[in-house]
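Comments concern the structure below.
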There are 2 protein chains.
Amino acid sequence: MNIGEVAAETGVTAKSIRYYESINLIPAPERTDAGYRQYSDRDVQILHFIKRARGLGFSVAEVAELLSLYQDRDRASAEVKGIVEARLNEIDQKITELESIRATLRTLADRCHGDDRPDCPILDDFAGLSN
Amino acid sequence: MNIGEVAAETGVTAKSIRYYESINLIPAPERTDAGYRQYSDRDVQILHFIKRARGLGFSVAEVAELLSLYQDRDRASAEVKGIVEARLNEIDQKITELESIRATLRTLADRCHGDDRPDCPILDDFAGLSN
DNA sequence: ATAAGGGTTCTAGTTACCGGAAGGTCAAGG
DNA sequence: CCTTGACCTTCCGGTAACTAGAACCCTTAT
């Protein structure tokens with residue numbers, strides 16, 4: 001398969017596939033005489049794996065780790081679970097942070113009448129003029 | 001005030017202050033004969049503003065917009081509120097996305113026994129071998 | 001033979017800075 | 001007077017994960 005077909009099938013752009021190759025996340029595939037990359041079904045499967053993991057918010061470095069565990073028949077599932085639990089903690093933290101910001105902004109926005117008059121509690125708060 | 005004092009007082013690093021100047025988020029301050037930047041109380045206040053807005057997740061571009069509204073005595077509060085509401089929508093979206101990811105990962109992690117055995121529903125899912 | 005639609009490599013840009021190097025300046029102390 | 005240490009200056013390179021675009025080659029169909 002050419003890179004374009006693989007891109008269409010996996011939803012990973014050709015640009016990204018080449019990028020993943022350049023950083024050694026995926027191995028360099030065979031080439032045709034003209035220099036076109038040729039991908040196997042196995043390569044496609046790995047790109048599906050990457051797409052799924054990236055979609056769940058894992059960094060490329062984490063995906064590399066997960067991939068190497070995936071390719072190691074003898075890995076301990078505890079290692080995989082550890083990575084996922086770490087990610088879950090990050091997510092919880094991020095959600096908490098965003099909720100706090102949301103509450104603040106919600107309060108400020110609700111107190112701003114939002115018409116054509118200039119006075120604005122939001123800017124007052126940012127400027128340290130609150131209360 | 002020297003840049004270091006300003007940094008200490010505002011919590012914005014000297015590096016960041018110079019960076020903000022380089023992208024014209026803040027004006028270039030006076031210099032001493034030796035070339036040291038000298039900041040006024042007004043400059044400090046603006047950096048506080050920036051710090052607060054950045055802390056609430058606004059991009060530097062958004063902060064620039066907010067700052068210019070702040071400095072415009074005749075702005076309509078609706079404009080400020082619009083920016084904040086847009087940010088609130090982004091936050092809501094992001095939270096929703098993170099919660100969805102969290103649910104997925106939680107389920108997968110719970111189904112993985114996480115011991116020294118190799119079989120792992122998490123990797124199976126990533127590889128498209130689910131069910 | 002040519003045109004459309006692949007593919008190739010390379011460079012540069014994105015965001016919001018941080019780290020570090022090389023060197024000038026300032027205030028205090030011996 | 002000189003040194004020491006803590007400042008300050010500019011500039012270069014790096015970060016994450018790509019994307020955009022240029023310049024060029026290959027394949028396939030008409």
Side-chain angles (χ1 to χ4, degrees), chain A residues 1-40 43-44 46-47 49-67 83 86-87 90-91 94 97 101, chain B residues 1-26 28-40 43-44 46-47 49-67 86-87 90-91 94 97 101:
Chain A
M1 296 174 83
N2 280 352
I3 200 168
E5 301 172 69
V6 176
E9 211 200 282
T10 61
V12 180
T13 66
K15 289 268 189 195
S16 293
I17 296 172
R18 291 194 200 97
Y19 170 70
Y20 290 154
E21 181 185 327
S22 82
I23 61 169
N24 297 312
L25 179 64
I26 57 177
E30 302 292 300
R31 300 281 185 126
T32 64
D33 289 350
Y36 284 23
R37 290 171 177 79
Q38 286 303 120
Y39 293 95
S40 68
D43 293 329
V44 170
I46 284 178
L47 281 166
F49 184 108
I50 293 171
K51 172 90 178 173
R52 173 86 169 131
R54 291 283 297 129
L56 288 171
F58 291 94
S59 70
V60 166
E62 286 167 329
V63 173
E65 217 176 328
L66 290 167
L67 256 184
I83 295 174
R87 175 92 190 102
E90 283 174 26
I91 291 173
K94 189 70 187 171
E97 184 197 337
I101 290 175
Chain B
M1 296 175 83
N2 280 352
I3 200 168
E5 301 172 70
V6 176
E9 210 199 284
T10 61
V12 181
T13 66
K15 288 267 189 193
S16 293
I17 296 172
R18 291 195 200 96
Y19 171 70
Y20 291 153
E21 181 185 328
S22 81
I23 60 169
N24 298 312
L25 179 63
I26 57 177
E30 301 292 298
R31 300 280 186 128
T32 64
D33 290 349
Y36 284 25
R37 290 172 177 79
Q38 286 303 119
Y39 294 95
S40 68
D43 295 327
V44 170
I46 284 176
L47 281 166
F49 184 107
I50 293 169
K51 172 91 179 172
R52 172 86 170 131
R54 291 283 298 129
L56 289 171
F58 291 95
S59 70
V60 167
E62 287 167 329
V63 173
E65 217 175 329
L66 290 167
L67 256 184
R87 175 95 190 100
E90 281 174 27
I91 291 173
K94 189 71 188 170
E97 183 197 337
I101 289 175

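A note on names: the letters A, B, ... follow the listed sequences, proteins ahead of strands, and every chain is numbered from 1. As the structure is a prediction and not an experimental result, all values here were calculated from the model. Just so it is clear, the values below take in all heavy atoms, side chains as well, and ignore hydrogens, waters and symmetry mates.
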Separation of atom [atom1] in [X] from atom [atom2] in [N], rounded to whole Å:
{"X": "A:E90", "N": "D:dA16", "atom1": "CD", "atom2": "P", "answer": "14 Å"}
{"X": "B:F58", "N": "C:dA16", "atom1": "CZ", "atom2": "C1'", "answer": "17 Å"}
{"X": "B:N2", "N": "C:dT25", "atom1": "CG", "atom2": "C1'", "answer": "10 Å"}
{"X": "A:Y19", "N": "D:dT19", "atom1": "OH", "atom2": "P", "answer": "10 Å"}
{"X": "A:Q38", "N": "D:dC26", "atom1": "CD", "atom2": "C1'", "answer": "13 Å"}
{"X": "A:K51", "N": "D:dC18", "atom1": "NZ", "atom2": "C1'", "answer": "13 Å"}
{"X": "A:N24", "N": "D:dA17", "atom1": "CG", "atom2": "P", "answer": "15 Å"}
{"X": "B:E5", "N": "D:dC8", "atom1": "CD", "atom2": "C1'", "answer": "12 Å"}

Exercise. Are side-chain heavy atoms of A:R31 and A:R37 found at a separation under 4.5 Å?
Worked result: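 With C-beta onward as the side chain, the pair touches.
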Exercise. Are B:I26 and B:D43 close enough that some pair of their side-chain heavy atoms sits under 4.5 Å apart?
Worked result: no
Seminar exercise, completed: Winner on side-chain proximity to A:R18, out of D:dC8, D:dC18, C:dT8, is C:dT8
Exercise. D:dA20, D:dT10, C:dT8: which one has an atom nearest the side-chain heavy atoms of B:R31?
Worked result: D:dT10
Problem set entry | B:R54 side, atom CZ; B:L47 side, atom CG - distance, nearest 0.5 Å |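 It comes to 13.0 Å.
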Problem set entry | From OG1 (A:T10) to OH (A:Y39), nearest 0.5 Å |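 These two atoms lie 9.5 Å from each other.
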Problem set entry | Polar pair under 3.5 Å, donor/acceptor by atom type, side chain B:Y36, base C:dC26 | no
Just checking [X]: base, sugar-phosphate only, or nothing, at a heavy-atom cut-off of under 4.0 Å?
{"X": "A:T13", "answer": "sugar-phosphate"}
{"X": "A:I3", "answer": "sugar-phosphate"}
{"X": "B:R54", "answer": "sugar-phosphate"}

Short side-chain N/O contact from [X] to OP1 or OP2 of [N], under 4.0 Å:
{"X": "B:S16", "N": "C:dC18", "value": "yes"}
{"X": "B:Y20", "N": "C:dA16", "value": "no"}
{"X": "A:R37", "N": "C:dT8", "value": "yes"}

Seminar exercise, completed: By nearest-heavy-atom nucleotide on DNA chain C, the more 5' of B:V60 and B:D33 is B:V60
Problem set entry | Salt-bridge contact A:R87-A:E90 (side-chain N to carboxylate O under 4.0 Å) |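 Here A:R87 pairs with A:E90 in a salt bridge, since their nearest N and O are under 4.0 Å apart.
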